[in-house]
Every structure is written in C-alpha cells, then in structure tokens.
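Here's the structure, in structure tokens; my notes come after.
Just so it is clear, the structure is predicted and the values come from calculations on it, not from any experiment. Reminder, nothing fancy here: chain letters follow the sequence lines and each chain counts from 1. Computed over heavy atoms, backbone and side chain alike; hydrogens, waters and symmetry mates excluded.
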Amino acid sequence: GAVVSQHPSWVICKSGTSVKIECRSLDFQATTMFWYRQFPKQSLMLMATSNEGSKATYEQGVEKDKFLINHASLTLSTLTVTSAHPEDSSFYICSPSGGADTQYFGPGTRLTVL
Amino acid sequence: QKEVEQNSGPLSVPEGAIASLNCTYSDRGSQSFFWYRQYSGKSPELIMFIYSNGDKEDGRFTAQLNKASQYVSLLIRDSQPSDSATYLCAVNMGGGYSTLTFGKGTMLLVSP
C-alpha cells in the first residue's frame with residue numbers, strides 16, 4: 001500500500017488556539033486529498049476534498065473558515081483547525097489519492113482541545 | 001441519502017473459527033467496495049477490495065459481492081486474536097475521484 005505520514009500524531013491544545021496538521025504522501029503524487037475526522041465509536045466522516053492547486057470542497061456542516069485546507073503540492077496537504085474548541089477534539093485522518101480507485105489513509109492525528 | 005449499513009457488533013468468535021462480517025448499501029449504482037480494518041486508536045488499513053459480483057479471496061480473507069441484493073461481506077477464516085478490530089465497509093458510489101461512504105463498522109472479538 002501507499003506510504004502516508006501525518007504530523008503531529010497527537011496534539012493537546014488550549015481552547016482558542018489554532019492547530020496545523022500535515023499530511024504527506026511519501027511514495028506517490030496525491031492529486032486529490034481527502035480529510036476525514038472520526039469521533040469516538042463513530043465512523044469516518046469526510047470533511048473536505050481538495051485537488052492540488054485548487055480550493056477545497058467542504059462537506060455540508062463543515063465550516064470552511066474554521067478548517068483551512070491547503071494542498072499546495074502533490075505530496076503535501078495541511079489542515080488547520082482555527083480557534084479550536086473542545087468539540088473539535090477528534091481523530092483527524094488524511095487520505096491522499098493518486099487517481100486510483102483505492103484510498104489509503106494516513107496514521108491520523110488525535111486532537112484534544114482543553 | 002446514500003448509506004452503508006453494518007451491524008455494530010461486537011461479533012464474538014473463538015480462535016480458529018470463521019468470522020462473517022456483513023454490509024449493505026443503498027446506492028444501486030455503486031461500483032467498488034472496500035473492507036478496512038481499524039484497530040483502536042489507529043487509522044483504517046485496507047484489507048481488500050472487490051468490484052465484480054462473486055467471491056474474491058486473499059489469504060484468509062474472502063470478500064463476497066452481490067450487487068442485486070446490494071450486499072457485500074467479508075469472511076475471515078481461521079480467525080486469530082490479532083484479527084480483533086473494527087471492520088469498516090466502504091462503498092465508492094462513482095468512479096475516479098469519487099469519495100468513499102463508510103459504514104459505522106463492526107467490532108470483531110476473537111477469543112483465544
């Protein structure tokens with residue numbers, strides 16, 4: 001399978017701060033990046049889809065001004081949670097796609113907002 | 001609304017038994033189907049995918065697809081305690097860059 005890294009793997013922050021999560025595809029070019037989040041005992045929920053060099057498309061109910069996505073290169077995408085609040089505490093997972101039907105996932109970032 | 005349904009479980013089987021995990025989906029036009037395994041606190045890892053009706057085998061795993069019944073299953077033979085995890089069914093309801101719709105997952109517990 002594809003090699004995907006995410007950084008940081010976990011982060012604890014105070015309410016009101018911003019957190020940036022990086023996702024890198026290490027062995028292929030990710031023309032499309034999917035960002036998911038997963039609350040405890042829930043399934044993966046797609047937050048947004050971005051194509052390299054274009055603005056991200058957000059799913060209904062996901063605030064684009066709160067979850068800033070940058071997909072500036074074919075190997076790197078970032079998700080910034082701005083002014084994080086406790087309800088944003090979740091497991092954030094990226095999934096880069098090189099165009100093939102199969103999706104692989106990054107190892108995830110666990111965010112805890114105090 | 002496009003949906004993927006799975007029994008949340010837990011499904012408990014003894015070591016060495018066959019575990020059968022089931023999934024139904026609502027969109028008859030769905031084209032490809034995936035099974036992921038997710039250990040607690042970890043991200044999903046792909047087990048296998050299937051596109052055509054029938055069975056597809058990979059080691060101890062067999063995926064079964066019945067598009068007429070909108071049903072896909074995963075059989076795990078000779079279950080091991082290390083197979084204990086949540087199994088996510090995902091359906092791609094279009095080609096190319098179309099996104100996956102995930103079920104909520106079935107927790108499998110394999111007892112020694």
Side-chain angles (χ1 to χ4, degrees), chain A residues 1-10 21 23 25 29-52 54 56-62 71 89-112, chain B residues 1-10 21 23-26 29-52 56 58-59 61 63 65 72 85-108:
Chain A
V3 181
V4 183
S5 70
Q6 265 185 256
H7 178 80
S9 56
W10 59 271
I21 301 170
C23 176
S25 55
Q29 294 184 326
T31 49
T32 300
M33 183 69 73
F34 302 101
W35 284 95
Y36 294 83
R37 63 181 168 184
Q38 186 177 35
F39 294 105
K41 300 189 185 300
Q42 299 294 315
S43 189
L44 292 170
M45 297 299 296
L46 180 66
M47 298 176 67
T49 303
S50 71
N51 291 309
E52 185 261 339
S54 302
T57 301
Y58 290 80
E59 295 299 303
Q60 190 173 9
V62 179
H71 190 177
S89 298
S90 188
F91 191 43
Y92 291 86
I93 309 172
C94 67
S95 177
S97 172
D101 199 18
T102 306
Q103 277 183 236
Y104 296 93
F105 292 88
T109 297
R110 185 161 302 283
L111 170 64
T112 301
Chain B
Q1 185 174 352
K2 298 177 180 178
E3 295 181 342
V4 177
E5 300 286 343
Q6 292 181 259
N7 189 316
S8 62
L21 304 160
C23 172
T24 59
Y25 57 94
S26 62
S30 300
Q31 299 183 0
S32 48
F33 308 85
F34 302 81
W35 283 100
Y36 289 85
R37 176 174 62 196
Q38 187 175 25
Y39 292 109
S40 180
K42 303 294 185 182
S43 70
E45 55 180 323
L46 180 67
I47 298 175
M48 60 191 307
F49 55 87
I50 186 167
Y51 300 142
S52 303
K56 179 181 178 182
D58 184 359
F61 300 97
L65 174 61
V72 57
T86 296
Y87 289 79
L88 301 173
C89 172
V91 177
N92 188 332
M93 299 177 183
Y97 298 111
S98 294
T99 58
L100 296 178
T101 301
F102 284 86
K104 291 187 176 180
T106 298
M107 181 183 292
L108 172 66

message = Using ring centroids (six-membered ring only for Trp), state whether A/Tyr36 and A/Phe91 fall under 6.0 Å.
response = no
request  = Check A/Gly106 against B/Ser43 and note the closest heavy-atom contact, atom names and distance.
outcome  = O-OG, 2.6 Å
inquiry  = Would you say the rings of B/Tyr25 and B/Phe33 are close, in the sense that their centroids are separated by under 6.0 Å?
reply    = yes
task = Give, as side chain, backbone, both or neither, the part of B/Lys42 having an atom under 4.5 angstrom from any heavy atom of chain A.
result = backbone
inquiry  = Between A/Leu44 and chain B, with a heavy-atom cut-off of 4.5 Å, which part of the residue counts as in contact: side chain, backbone, both or neither?
reply    = both
task = Could you tell me which of A/Met45, A/Gln38, A/Gln6 has the largest number of non-hydrogen atom pairs under 4.5 Å with chain B?
result = A/Gln38
request  = Tell me yes or no: between the side chains of B/Thr24 and B/Glu5, is some donor less than 3.5 Å from an acceptor?
outcome  = no
task = Select, from A/Gly108, A/Ser95, A/Pro107, A/Ser9, the one with the greatest count of heavy-atom pairs under 4.5 Å involving chain B.
result = A/Pro107
request  = Check each atom of B/Gln38 against the heavy atoms of chain A and say whether the ones under 4.5 Å are side chain, backbone, both or neither.
outcome  = side chain
Modelled atom types, side-chain donor and acceptor of B/Thr106 and B/Asn7, under 3.5 Å = no
